[in-house]
Amino acid sequence: MGDGVVDGVELTAVGESLNGSITSGRSLNSEILVVLVQVVAATPPDPRALLARADALRGKLRVSPLTDARLRAAKAQGRR
């Protein structure tokens with residue numbers, strides 16, 4: 001399963017937990033519900049660690065920040 005976040009739930013964590021669902025004796029739908037409840041009930045991530053991870057990724061990508069002006073220009077270019 002690809003990385004991503006849906007309403008604050010990391011899809012990677014859900015996918016990793018579902019890998020053993022066939023042997024658990026539960027249906028896939030039941031397993032999905034169990035895993036989602038476990039992920040949502042887990043302690044929230046440390047905001048500082050999350051921001052540090054974002055900063056590290058931003059440094060690795062080396063892209064300039066998206067500003068209102070750049071967004072307007074991209075929209076205008078796409079409408080041509």
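Model, not experiment: these values are computed from the prediction.
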Using only atom types and a distance under 3.5 Å, with no angle test, would you say the side chain of Arg70 pairs donor to acceptor with the backbone of Pro65?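 Yes, the answer is positive, given that a donor and an acceptor are paired below the 3.5 Å cut-off.
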Atom pair CG/CZ of Asp55 and Arg48 - distance to nearest 0.5 Å: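 Answer rounded to 0.5 Å: 13.0 Å.
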In Å, rounded to the nearest 0.5 Å, how long is the span from CZ of Arg58 to CG of Leu51?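 Going from the CZ atom of Arg58 to the CG atom of Leu51 covers 8.5 Å.
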For Leu57 and Leu61: C-alpha separation, side-chain torsions, deciding distance, then whether side chain to side chain contact (heavy atoms under 4.5 Å, CB included) applies. CA-CA 6 Å; Leu57 182 61; Leu61 295 177; 4.1 Å; yes
Taking all atoms of both residues into account, what is the closest heavy-atom pair of Leu71 and Leu66, and its distance?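 Reported closest heavy-atom pair: N-CD1, 4.2 Å.
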